Amino acid sequence: MGFCRSLLKWMRFDHRTLLCFAAVLGFVTFAAGLGAAQAQESRLEAILKRDKLIVAVSNSTMPTGFIDDNGTHTGFEIEFARLLAKSILGSPDKIEFVVVNAAGRFPAVLSGRVDFGIASATIYPDRAVRLAFTRPYMDSTTFVVVPKDSPIKKIEDLDSADVVFGATNTAAMIDRAKRYAPKAKAMYFDTDSAAFQALKSRRVGAVQADSAAAEFQIARSNGAWVKLPGQLGSLNGNALFMKPGDFQLWLCLDTIVGEYTHGSRFDEYEALYRKWFGAAPPPARFYSAK
């Protein structure tokens, strides 16, 4: 009883004491929240302190990311990533590439192993649930490549038990194989290069691939391979991908991509695009400035 009386006596504050107590409590709460926010440093701030980008890329997908005959890691995405390093850190050489395959590219960013990825990743709604994408840096779709003398002449011909249909081992490729050629025997590979090597050796009769990779491989085949008319699915966008929740890093990357594809750095982007694809990219604007 004595303790209860003491507690009641202690609680008989006047209104000024209560206001003071509330102010102190509010300040403590604010300080605690500020400390927590500061503890959650943006990856962009970490990049600036480190003075280097760490980026997930492919080394087996022509012409976007591959090892050339001289042993150099190159390609459209590799050189575009260097432009990002130049924009963020002032030098295209302030970058470290972490090589991933199609199955390992998303775990690489979600685990925090890399800052972001650029590895022919198409934006799909189900992927957006667990990943953050920038705006696309290039358009793409899916083509089917066959030997020139193949009896497969159109996409509908793929749906046969006599066809061995090759692709990289990703959920999107598997879904398209089931949708367009459910009767065919599907064969999946870790890389585009392995899939096209199987086409060369006739282990598979057709390969589905990203349009950039398909066009590049056809050009290198010296007329041995052709593209089937039409495409699997619709036109897509390939984008940078990163772990969600870091608005500061996402905004920086998305803004820079936009400036290259549609803004102040379009001339550099156009030259890079022509170098690797032999054609002009989509115009920066749908209207002329003249």
Side-chain angles (χ1 to χ4, degrees), residues 55-66 75-77 98-114 116-146 155-156 158-161 163-199 203-217 227-228 230-245 250:
V55 185
V57 294
S58 171
N59 71 348
S60 57
T61 305
M62 299 179 178
T64 52
F66 66 103
F76 174 78
E77 291 178 338
V98 175
V99 174
V100 294
N101 59 20
R105 54 190 171 170
F106 300 147
V109 297
L110 293 174
S111 67
R113 183 182 171 201
V114 299
F116 62 90
I118 177 169
S120 300
T122 302
I123 304 171
Y124 292 119
D126 60 317
R127 290 178 176 176
V129 173
R130 59 193 180 98
L131 295 160
F133 290 95
T134 65
R135 73 189 71 189
Y137 56 83
M138 63 179 286
D139 291 333
S140 69
T141 188
T142 304
F143 291 148
V144 177
V145 181
V146 298
I155 288 176
E156 291 76 12
L158 294 169
D159 193 22
S160 168
V163 173
V164 182
F165 194 21
T168 51
N169 189 22
T170 67
M173 292 289 185
I174 293 170
D175 175 70
R176 280 191 289 268
K178 291 179 178 178
R179 194 179 350 150
Y180 289 96
K183 296 177 184 176
K185 178 184 177 182
M187 187 175 291
Y188 299 107
F189 303 87
D190 288 338
T191 65
D192 276 328
S193 295
F196 281 106
Q197 186 61 39
L199 185 66
R203 289 174 58 207
V204 300
V207 168
Q208 60 165 312
D210 181 88
S211 52
E215 296 277 22
F216 191 80
Q217 292 286 355
K227 177 182 67 178
L228 294 184
Q231 61 194 37
L232 302 186
S234 58
L235 188 67
N236 309 307
N238 286 357
L240 308 185
F241 54 94
M242 57 177 284
K243 185 177 181 178
W250 174 86

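Residue numbers start at 1 and run along the sequence shown. Model, not experiment: these values are computed from the prediction.
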A.B. asks: Taking Ser234's backbone N and O only, do any of them form a donor-acceptor pair with Thr141's side chain (distance below 3.5 Å, no angle check)?
C.D. replies: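 Looks like yes, one N/O pair under 3.5 Å.
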
A.B. asks: Is a donor on one side and an acceptor on the other found under 3.5 Å between the side chain of Glu77 and the backbone of Val57?
C.D. replies: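 The answer is no, because no donor-acceptor pair under 3.5 Å joins these two groups.
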
A.B. asks: Do Gln197 and Phe189 touch side chain to side chain, with heavy atoms closer than 4.5 Å?
C.D. replies: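 No; the side chains remain at least 4.5 Å from each other.
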
A.B. asks: Report the relative orientation of the aromatic rings in Phe66 and Phe216; use parallel for angles under 30°, tilted for 30 to 60°, perpendicular for over 60°.
C.D. replies: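 It falls in the tilted class, 30° to 60°.
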
A.B. asks: A side-chain contact here means heavy atoms from C-beta on lying under 4.5 Å apart; do Phe196 and Met62 qualify?
C.D. replies: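 Not in contact.
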
A.B. asks: Nearest 0.5 Å please: distance from the CD atom of Gln231 over to the OH atom of Tyr180.
C.D. replies: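 So the gap between those two atoms works out to 8.0 Å.
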
A.B. asks: Say you draw a straight line from CG of Asp192 to CG of Asn101; how long is it, rounded to the nearest 0.5 Å?
C.D. replies: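 Here the interatomic distance stands at 11.5 Å.
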
A.B. asks: Give the minimum heavy-atom separation between Trp250 and Ala132, together with the two atoms involved.
C.D. replies: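 Between these two residues, the closest heavy atoms are CD1-CB, 4.3 Å.
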
A.B. asks: If you define the side chain from C-beta out and look only at heavy atoms, does anything of Asn238 sit under 4.5 Å from Tyr137?
C.D. replies: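 A side-chain contact under 4.5 Å exists here.
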
A.B. asks: Is the shortest heavy-atom distance from the side chain of Leu131 to the side chain of Leu110 under 4.5 Å?
C.D. replies: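 Touching, per the 4.5 Å side-chain cut-off.
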
A.B. asks: Looking at every heavy atom in both Ala177 and Tyr188, which two are closest together, and how far apart are they?
C.D. replies: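 Closest approach of Ala177 to Tyr188, heavy atoms only: CB-OH, 3.4 Å.
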
A.B. asks: Measure the shortest side-chain to side-chain distance between Val55 and Val114 over non-hydrogen atoms and say whether it is less than 4.5 angstrom.
C.D. replies: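 Not in contact.
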
A.B. asks: Starting at CG of Leu228, measure out to CD of Glu156 and round the result to the nearest 0.5 Å.
C.D. replies: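 Rounded to the nearest 0.5 Å, the CG-CD separation comes out at 9.5 Å.
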
A.B. asks: Which atom names give the shortest non-hydrogen contact between Phe133 and Ala239, and what distance separates them?
C.D. replies: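 Taking Phe133 first and Ala239 second, the nearest heavy atoms are CD2-CB, 4.1 Å.
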
A.B. asks: Using a 3.5 Å distance criterion without hydrogens, assess whether the side chain of Tyr124 forms a donor-acceptor pair with backbone atoms of Asn236.
C.D. replies: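 Checked: no pair found.
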
A.B. asks: Determine the minimum heavy-atom distance between Asp210 and Met173, stating which atoms define it.
C.D. replies: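 Heavy-atom minimum between the residues: N-CE, 4.0 Å.
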
A.B. asks: Please determine whether the number of non-hydrogen atoms from other residues, nucleotides or ligands lying under 6.0 Å from atom CG of Asp190 exceeds 12.
C.D. replies: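 No, the 6.0 Å shell around CG holds no more than 12 heavy atoms from other groups.
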
A.B. asks: Between Arg127 and Phe241, is there a side-chain heavy-atom distance shorter than 4.5 Å?
C.D. replies: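 No, every pair of side-chain atoms sits at 4.5 Å or beyond.
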
A.B. asks: Rounded at 0.5 Å granularity, tell me how far CD1 in Ile155 sits from CD in Gln208.
C.D. replies: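 Result: 10.0 Å between the selected atoms.
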
A.B. asks: Using only atom types and a distance under 3.5 Å, with no angle test, would you say the side chain of Ser60 pairs donor to acceptor with the backbone of Ser193?
C.D. replies: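 Between the backbone of Ser193 and the side chain of Ser60 there is no qualifying donor-acceptor contact (under 3.5 Å).
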
A.B. asks: Check whether Asp159 reaches the backbone of Lys183 with its side chain - one donor and one acceptor, N or O, closer than 3.5 Å.
C.D. replies: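 Looks like yes, one N/O pair under 3.5 Å.
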
A.B. asks: Which atoms form the tightest heavy-atom contact between Ser140 and Ser211, and what is the distance?
C.D. replies: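 That closest heavy-atom pairing would be CA-OG, 3.5 Å.
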
A.B. asks: Does the side chain of Ile174 reach to within under 4.5 Å of the side chain of Asn169, using non-hydrogen atoms?
C.D. replies: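 Of all side-chain heavy-atom pairs linking Asn169 with Ile174, at least one is under 4.5 Å.
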
A.B. asks: For Thr142 and Arg176: C-alpha separation, side-chain torsions, deciding distance, then whether side-chain contact (heavy atoms from CB on, under 4.5 Å) applies.
C.D. replies: CA-CA 9 Å; Thr142 304; Arg176 280 191 289 268; 3.3 Å; yes

A.B. asks: Taking all non-hydrogen atoms of both residues, which atom of Ala206 and which atom of Leu158 are closest, and how far apart?
C.D. replies: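 So the two residues come closest at CB-CD2, 3.7 Å.
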
A.B. asks: For Asp175, check salt bridge (Lys or Arg N to Asp or Glu O under 4.0 Å) against everything at least two apart and list the hits.
C.D. replies: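 Per chain and number, Asp175 pairs via salt bridge (Lys or Arg N to Asp or Glu O under 4.0 Å) with Arg179.
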
A.B. asks: Do Thr134 side-chain atoms and Leu240 backbone N/O form a donor-acceptor pair below 3.5 Å?
C.D. replies: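 Flag set: sc Thr134 to bb Leu240 pair under 3.5 Å.
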
A.B. asks: Sub-3.5 Å donor-acceptor pair from the side chain of Arg105 to the main-chain atoms of Ser120, do we have one?
C.D. replies: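 Yes, the answer is positive, given that a donor and an acceptor are paired below the 3.5 Å cut-off.
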
A.B. asks: Just so I know, are the side chains of Pro136 and Thr122 near enough to count as touching, which here means a heavy-atom distance under 4.5 Å?
C.D. replies: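 When only atoms from C-beta onward are counted, Thr122 and Pro136 do not touch, as no gap falls below 4.5 Å.
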
